[in-house]
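Note on naming: letters A, B, ... go to the chains in the order of the sequence lines (proteins, then strands), and numbering restarts at 1 for each one. These numbers come from the heavy atoms of this one structure, side chains and all, not from hydrogens, waters or symmetry mates.
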Amino acid sequence: MAALGIATGGRNWFSALALGVTLLKCLLIPTYHSTDFEVHRNWLAITHSLPVSQWYYEATSEWTLDYPPFFAWFEYALSHIAKYFDQEMLNVHNLNYSSSRTLLFQRFSVILTDELFVYAVHECCKCIDGKKAGKELTEKPKFILSVLLLWNFGLLIVDHIHFQYNGFLFGLMLLSIARLFQKRYTEGAFLFAVLLHFKHIYLYVAPAYGIYLLRSYCFTANKPDGSIRWNSFSFVRLISLGLIVFLVSALSLGPFLALNQLPQVLSRLFPFKRGLCHAYWAPNFWALYNALDKVLSVIGLELKLLDPNKIPKASMTSGLVQQFQHTVLPSVTPMATLICTLMAILPSVFCLWFKPQGPRGFLRCLILCALSSFLFGWHVHEKAILLAVLPMSLLSVGKAGDASIFLILTTTGHYSLFPLLFTAPELPIKILLMLLFTIYSISSLKTLFRKEKPLFNWMETFYLLGLGPLEVFCEFVFPFTSWKLKYPFIPLLLTSVYCAVGITYAWFKLYVSVLTDPPVRKTKKQ
Amino acid sequence: MEKWYLMAIVVLLGLTVRWTVSLNSYSGAGKPPMFGDYEAQRHWQEITFNLPVKQWYFNSSDNNLQYWGLDYPPLTAYHSLLCAYVAKFINPDWIALHSSRGYESQAHKLFMRTTVLIADLLIYIPAVVLYCCCLKEISTKKKIAHALCILLYPGLILIDYGHFQYNSVSLGFALWGVLGVSYDWDLLGSLAFCLAINYKQMELYHSLPFFCFLLGKCFKKGLKGKGFVLLIKLACTVVASFILCWLPFFTEREQTQQVLRRLFPVDRGLFEDKVANIWCSFSIFLKIKDILPYHIQIIISFCFTFLSLLPACIKLTLQPSPKGFRFTLVSCALSFFLFSYQVHEKSILLVSLPVCLVLSEIPFMSTWFLLVSTFSMLPLLLKDELLMPSVVTTMAFFIACAISFSIFEKTSEEELQLKSFSISVRKYLPCFTFFPRIIQYLFLISVITMVLLTLTTITLEPPQKLPDLFSVLICFVSCLNFLFFLVYFNIIIMWDSKNGRNQKKIN
């Protein structure tokens with residue numbers, strides 16, 4: 001009946017959009033769910049039935065608890081509602097349990113916690129001043145932005161089909177960004193600290209937060225040319241920020257420190273024993289690197305430069321093994337990826353420090369951090385692209401250049417999520433939703449920026465259109481060819497390499513625009 | 001159209017909802033020995049593929065008519081045959097004679113659902129899009145909103161993609177017919193409508209308005225000149241398309257008779273299961289079905305149906321107009337649903353289609369009607385375990401209508417199209433000025449009863465003595481609503497052109 005109240009408003013388009021997508025999420029309940037469903041069920045069981053001291057030691061299931069403590073507490077809270085649905089799902093030894101009530105509970109827990117995301121989007125729309133365009137509702141930047149965020153394809157399929165709780169986590173992130181835009185710095189810092197203790201993948205973007213808060217909050221004034229005024233440093237502000245971060249961390253990790261379990265917790269959070277790439281290569285730099293290695297080894301074999309007996313077997317028969325053995329190029333160590341990531345992040349952080357451009361500059365730096373970590377990180381999941389896609393939506397309604405980068409990044413990033421859903425009944429859903437989102441984002445942004453130069457040049461258009469034939473080949477042609485048995489990894493390889501090109505290109509283009517944009521000249525009002 | 005991309009998004013949205021609903025259960029899933037409509041459609045594929053045309057409609061050792069015998073017109077059979085060829089290509093087990101009976105698997109479900117989606121995509125959805133694009137006198141935005149609401153109508157989605165049927169084919173053809181006839185492509189329109197009838201005999205509910213509208217057009221052109229030519233052309237089109245569809249069955253007299261007997265099963269009684277029509281509701285008080293012999297039941301129902309649709313049809317013949325045609329479609333189909341013989345609960349879709357077409361003209365009443373029509377099928381949907389998608393799609397539809405037409409602000413007399421009627425009433429009752437108010441209250445009462453009844457049906461167990469209590473209540477309430485709508489639509493039709501004539505006089 002909430003619908004009645006909202007519908008009577010008539011003009012309340014935001015509620016309609018939010019309700020509409022919530023209903024769509026409800027329709028997705030019976031779809032396929034991945035092992036992450038069992039992961040979260042297991043965590044419910046662990047946190048519910050075991051004392052805190054055993055949370056990070058329990059290993060009955062292979063899906064051990066590997067998120068920070070706040071997330072464990074979140075599961076603990078959920079489990080107290082879950083017991084009214086089905087007591088059985090809270091049993092640690094009940095592996096792979098999924099009764100229909102468990103399914104309903106878990107799906108609805110994602111849908112309901114998404115309300116935080118909806119609220120965050122609402123806050124973001126308030127503080128983003130996009131390009132002023134036509135009077136019509138569908139052409140307003142705020143409307144476009146809320147569709148881009150609320151109906152985001154990636155979130156829909158990762159959270160509501162594949163099953164994860166990214167919605168409310170991204171809600172926290174967007175909310176903290178919105179707070180920074182509203183100059184409520186301490187609140188923003190607090191939210192981000194909390195977020196870090198929910199899911200530590202957000203460490204990727206921590207440098208942007210750190211530098212921005214230091215530069216724009218701890219230093220209260222700039223020189224007229226935008227460079228730093230060293231004597232304006234406010235020690236009180238730095239202390240207050242430090243206190244916030246410290247208190248949040250103490251609340252989260254303190255109990256485990258007291259139990260003397262911190263090393264165990266950290267070893268669960270950062271499992272460096274996994275391979276360079278995930279089973280399915282995330283479309284990043286290493287995918288290109290691996291592919292190049294493969295090509296070189298094939299060429300080497302053809303030209304008899306390599307000895308077939310010396311080549312590790314796994315690398316030639318399949319691309320699906322965790323430990324990818326390089327044949328020609330040097331193998332990559334975790335340290336190397338770390339150094340590459342830092343090198344990639346550094347220029348953007350320098351830019352944020354020396355060329356402050358207000359919250360928008362922060363947002364660009366945040367996206368660059370996320371993208372750089374995605375491109376060069378160790379064992380990156382394809383889902384991590386959302387970390388760049390969602391904040392990029394905020395930028396996209398502001399400038400035509402950003403919009404064009406956003407569209408390339410989003411379309412390729414979203415397409416690279418396709419292998420997450422490999423079951424036949426979900427095939428139409430992912431294609432339909434992808435088309436829905438892509439057509440909307442491209443056409444609405446084109447309408448918004450119709451008076452400026454076209455968003456794509458011929459090369460970009462060609463590249464994006466190429467995704468269509470690629471999908472047709474991978475899902476409709478390839479399974480019927482004789483290669484399916486011999487080279488089952490080809491579709492995945494093609495997808496990740498093709499998408500890696502687009503994402504690297506978007507990263508590069510964004511970097512160029514950040515480095516070449518002139519700094520904001522006027523002093524900031526403080 | 002400068003906003004083609006919004007239309008594409010609307011279509012994609014409709015398709016997404018359709019496909020997500022199709023992931024749910026279907027009628028008779030895992031319920032031997034009879035299963036449900038899903039098995040019926042599969043069985044028809046089996047029959048049409050394995051038996052020669054001559055035996056499709058006849059009882060034989062290979063074709064037990066008691067077990068989902070073919071009882072739809074030839075086009076359905078041909079469609080089944082076509083699907084069977086595809087099925088044969090994918091997995092011959094699906095349509096093997098005898099041994100495939102009751103076949104169920106995930107892959108097969110996927111196949112069946114895909115056939116529905118493809119049929120919908122080829123016939124119904126293009127018709128809806130074209131219809132909305134051709135609408136006159138409304139903005140592009142409204143056209144797109146209208147398309148969104150039609151494509152989100154939950155009744156059709158739930159029956160086709162949940163319960164499992166191919167209503168979108170027959171309704172789609174009928175819609176093509178409406179399109180053709182409304183825009184003066186009379187021959188193509190009547191051809192499309194003949195296809196609709198030959199796909200599903202229930203389309204006869206729409207036949208009278210088509211007939212009267214076309215006849216009215218001929219009269220208007222003058223029966224001695226152009227009108228006569230048109231009439232001959234139309235007659236030829238209809239006869240030719242019928243002959244084409246029935247060709248294999250015209251070879252023997254016995255064949256035709258048997259098909260007709262299968263299409264119109266007179267001995268199956270006045271109504272089936274729980275239907276929200278007069279006879280089923282009336283049987284709460286008096287079991288007519290058991291008291292009176294069949295032929296008297298038929299005569300009674302025929303008389304009632306005929307009388308209730310006569311005024312609207314006469315009006316349409318005398319003053320044919322596309323608008324009047326659409327409203328007459330509604331009222332005729334509704335009369336058939338309420339009064340005619342052997343009505344199924346799913347037949348309400350035949351009324352819903354024309355109501356969808358007038359959504360932008362009377363948004364408030366149409367939305368209300370479409371909600372009631374979905375509600376009236378609740379017992380069926382619950383039996384198929386489609387509660388969740390039903391609630392979700394109904395809410396989505398309601399929000400879509402409420403937002404795109406802001407229906408709650410459109411309840412004035414004019415917007416309810418009751419202006420001329422209330423003027424004539426006020427001649428006798430001058431103080432009668434609170435029409436919109438009454439209708440708003442009725443809407444509220446109706447919605448609250450529907451919500452409460454839904455909640456009780458889901459949560460409470462019916463008393464042991466009356467196991468059908470809730471479903472009968474649902475039918476009764478829906479029937480009351482439908483009667484009200486019948487009166488309302490007839491009022492609109494009867495007072496409509498008077499208004500127009502008055503305006504002309506004023507002008």
Side-chain angles (χ1 to χ4, degrees), chain A residues 1-13 15-32 100 104 107-108 136-139 147 151 156 160-161 423-447 450, chain B residues 2-25 106-107 109-111 113-114 117 121 139-141 144 148 152 157 367 385-386 388-389 391-410 444 447-448 451 455:
Chain A
M1 277 298 96
L4 247 179
I6 285 154
T8 44
R11 284 187 195 163
N12 206 339
W13 51 267
S15 316
L17 282 179
L19 254 171
V21 78
T22 308
L23 293 173
L24 180 63
K25 289 168 189 172
C26 293
L27 281 178
L28 293 176
I29 286 177
T31 50
Y32 147 89
S100 60
L104 268 187
R107 288 287 199 200
F108 271 119
E136 217 169 319
L137 173 66
T138 47
E139 288 177 17
V147 178
W151 287 73
L156 273 178
H160 301 277
I161 301 180
T423 44
E426 279 69 28
L427 180 69
I429 296 186
K430 72 179 178 188
I431 294 178
L432 287 171
L433 283 177
M434 173 83 184
L435 280 177
L436 198 65
F437 187 82
T438 310
I439 292 181
Y440 180 79
S441 55
I442 293 181
S443 347
S444 63
L445 288 174
K446 265 194 176 160
T447 323
R450 65 187 151 220
Chain B
E2 78 270 36
K3 295 223 168 110
W4 64 269
Y5 78 91
L6 284 177
M7 195 55 113
I9 279 165
V10 161
V11 171
L12 285 171
L13 213 54
L15 287 174
T16 313
V17 172
R18 281 164 165 72
W19 191 258
T20 46
V21 168
S22 81
L23 297 174
N24 288 281
S25 173
Q106 277 305 314
K109 179 182 169 190
L110 200 63
F111 164 71
R113 297 295 200 198
T114 315
L117 189 75
L121 201 57
S139 64
T140 317
K141 234 170 114 189
I144 289 162
L148 176 70
L152 283 186
I157 298 179
T367 310
E385 297 172 30
L386 293 170
M388 181 77 177
V391 173
V392 172
T393 48
T394 309
M395 278 175 69
F397 171 73
F398 180 63
I399 294 171
C401 285
I403 292 284
S404 45
F405 295 112
S406 38
I407 54 170
F408 295 101
E409 292 154 23
K410 294 206 174 150
L444 217 59
V447 168
I448 289 172
V451 171
L455 287 179

Which heavy atom of [X] sits nearest to which heavy atom of [Y], and what is that distance?
X	Y	answer
A/Pro425	B/Leu110	CA-CD1, 3.6 Å
A/Ala16	B/Ile399	CB-CG2, 4.4 Å
B/Leu23	A/Glu426	CD1-OE2, 4.4 Å

Rounded distance [0.5 Å steps], [atom1] in [X] versus [atom2] in [Y]:
X	Y	atom1	atom2	answer
A/Trp151	B/Ile9	CH2	CD1	10.0 Å
A/Ile439	B/Leu6	CD1	CG	11.0 Å
B/Thr16	A/Leu156	OG1	CG	10.0 Å
A/Thr31	B/Asn24	OG1	CG	10.0 Å
B/Gln106	A/Thr423	CD	OG1	10.0 Å
B/Leu12	A/Ile431	CG	CD1	11.0 Å

A/Thr22 versus chain B, the contacting section by heavy-atom distance below 4.5 Å |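 Contact with chain B: none, neither part.
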Sidechain-backbone polar pair: B/Trp19 side chain, A/Leu427 backbone, donor-acceptor under 3.5 Å |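 No, the answer is negative, given that no donor and acceptor are paired below the 3.5 Å cut-off.
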Residue [X] versus chain A: region with a heavy atom under 4.5 Å:
X	value
B/Leu15	both
B/Leu117	neither
B/Lys109	neither

Between A/Cys26, A/Pro428, A/Gly20, A/Pro30, which has the largest tally of heavy atom pairs under 4.5 Å with chain B?
->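 The option with the most such pairs is A/Pro428.
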Could you walk me through whether A/Ile29 and B/Val392 pass side chain to side chain contact (heavy atoms under 4.5 Å, CB included), step by step?
-> CA-CA 11 Å; A/Ile29 286 177; B/Val392 172; over 6 Å; no
